[in-house]
Amino acid sequence: MTAGPDREPLDRAFFDRPVLEVAPDLLGRVLVRRTPDGPIELRLTEVEAYAGPADPGSHAYRGRTERNAVMFGPPGHAYVYFTYGMWHCLNMVCGPEGHPSGVLLRAGEVRHGHEWAHQRRPKARNDHELAKGPARLATALGVDRRLDGSDVCAGADGPLSILSGHPARPDQILSGPRTGVGGEGATHPWRFWIDGERSVSPYRAHTPRRRNATRRQVGT
DNA sequence: TCGTGGATGGCCT
DNA sequence: GGCCATCCACGAC
């Protein structure tokens with residue numbers, strides 16, 4: 001963790017571009033999460049683009065609410081949401097203010113702070129399982145709703161930064177349909193990952209939930 | 001190693 | 001009341 005031009009955080013202009021440019025450009029770069037315990041560094045290996053108010057897979061699809069307000073704000077901020085009653089997911093707001101698009105950080109490889117990451121993810125059996133999946137990534141980094149709206153361009157004072165160095169080469173980047181999104185949202189290749197990375201979560205097709213079948217009746 | 005389904009709570013219609 | 005940008009325990013093989 002030495003100083004240098006590679007360690008400069010990405011600036012606002014980086015995020016103030018179309019989300020389909022920003023998403024693959026984030027791959028290979030290092031996310032820094034500063035905690036009271038110490039910093040954790042993660043090399044991003046898998047991301048997913050959510051492309052504005054017309055995207056049915058996006059939280060912004062049905063307009064602005066208190067929860068998704070950060071997505072409608074200026075780029076370069078973190079959007080953290082709570083899902084499935086248990087998990088948090090970390091997104092980067094992209095594009096011009098008022099245009100709610102973002103990139104979900106789906107997976108990464110921990111490069112520094114393994115001990116803290118393993119403490120937060122005791123189920124992880126090895127290093128590449130620490131942040132394999134968006135909820136695991138957020139858990140390993142200690143990210144929750146308190147970080148919603150954090151300025152990622154604030155530098156070393158902020159809880160999150162993404163460093164400018166070591167972007168993945170274009171020939172290392174693959175793309176495909178998004179995970180877990182059904183309907184029209186599944187047809188666009190808006191998921192990007194680095195070829196051959198063990199920390200990339202396996203593709204699972206969208207499986208619609210069966211009505212009534214999942215909830216076993218309680219009582220008589 | 002793979003597939004299946006339960007857990008769990010805030011948000012939105 | 002149903003839907004979720006998920007994870008993981010567990011059983012089958």
Side-chain angles (χ1 to χ4, degrees), chain A residues 19-20 22-24 26-27 31 44-72 77-95 100-108 110 117-149 175-193 198-219:
Chain A
V19 65
L20 292 179
V22 176
L26 284 170
L27 292 174
L31 174 70
L44 295 172
T45 57
E46 183 187 1
V47 299
E48 221 164 61
Y50 287 83
D55 178 359
S58 170
H59 282 177
Y61 183 56
R62 291 181 179 83
R64 178 180 179 139
T65 66
E66 194 170 340
R67 172 170 73 149
N68 66 22
V70 169
M71 285 194 81
F72 289 78
H77 290 250
Y79 169 49
V80 181
Y81 65 85
F82 183 66
T83 190
Y84 288 100
M86 285 177 262
W87 314 108
H88 294 273
C89 291
L90 173 61
N91 302 256
M92 294 299 143
V93 177
C94 298
S101 60
V103 178
L104 170 67
L105 307 185
R106 289 196 56 89
V110 174
H118 274 289
Q119 232 171 62
R120 294 187 174 88
R121 289 258 309 119
K123 301 281 170 60
R125 290 174 300 186
N126 50 55
D127 287 351
H128 68 263
E129 277 187 0
L130 282 170
K132 184 179 188 168
R136 292 168 175 180
L137 184 151
T139 302
L141 296 178
V143 168
D144 60 27
R145 282 284 282 171
R146 286 174 292 187
L147 291 189
D148 188 45
S175 67
R178 290 182 298 194
T179 309
V181 179
E184 279 184 42
T187 60
H188 304 289
W190 286 349
R191 174 175 167 257
F192 303 91
W193 65 94
R198 289 196 301 174
S199 60
V200 172
S201 50
Y203 174 71
R204 282 203 307 262
H206 175 69
T207 49
R209 297 218 153 224
R210 269 181 286 159
R211 296 183 119 84
N212 305 326
T214 55
R215 226 167 283 273
R216 185 165 300 163
Q217 188 156 5
V218 177

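What you see below is based on every heavy atom in this structure, not just the backbone, and it leaves out hydrogens, waters and symmetry mates. Letters A, B, ... mirror the listed sequences (proteins, then strands); counts begin at 1.
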Test: E46(A) and R191(A) ion pair at under 4.0 Å: yes
M86(A), nearest nucleotide to its side chain (from dA9(C), dT8(B), dA5(C)): dT8(B)
Any donor-acceptor N or O pair under 3.5 Å, side chains D127(A), H118(A): yes
Spacing of the P atoms in dG6(B) and dG2(C) (rounded, Å): 16 Å
Closest to side chain of P134(A), choosing from dC12(B), dC7(C), dC8(C): dC7(C)
Integer-rounded Å distance: dT6(C) P and E48(A) CD: 8 Å
Distance below 4.0 Å between R106(A) side-chain N/O and dA5(C) OP1 or OP2: no
Min side-chain heavy-atom separation V103(A)-V19(A) under 4.5 Å: yes
Pairing nucleotide - dA5(C), Watson-Crick or G-U, each distance under 3.5 Å: none
dA5(C) base / Y81(A) side chain donor-acceptor hit below 3.5 Å: yes
Check: M92(A) and L105(A) side chains under 4.5 Å, non-hydrogen atoms: yes
Pairing partner of dT8(B) (Watson-Crick or G-U wobble, both distances under 3.5 Å): none
ring centroid sep under 5.5 Å plus plane angle under 30, Y84(A) with dC7(C): no
Face-to-face stacking of Y50(A) with dA5(C), centres under 5.5 angstrom, angle under 30°: yes
Sugar-phosphate only, base, or nothing, as touched by R121(A) at under 4.0 Å among non-hydrogen atoms: sugar-phosphate
Phosphate contact (dA5(C) OP1 or OP2) by R191(A) side-chain N/O below 4.0 Å: no
Protein-nucleotide distance (R62(A), atom CZ; dC3(C), atom C1'), rounded to Å: 9 Å
Nearest-nucleotide pick for M71(A), side chain only, options being dG9(B), dA5(C), dC12(B): dA5(C)
Any S58(A) side-chain nitrogen or oxygen under 4.0 Å from OP1 or OP2 of dA5(C): no
Per-pair stack call W87(A) and dT6(C), 5.5 Å, 30°: no
Distance test, side-chain N/O of K123(A) to OP1/OP2 of dA9(C), below 4.0 Å: yes
Sugar-phosphate only, base, or nothing, as touched by T139(A) at under 4.0 Å among non-hydrogen atoms: nothing
Sub-4.5 Å side-chain heavy-atom contact between Y81(A) and V70(A): no
Given dA5(C), dC7(C), dC11(B), the nucleotide with the shortest approach to the side chain of A135(A): dC7(C)
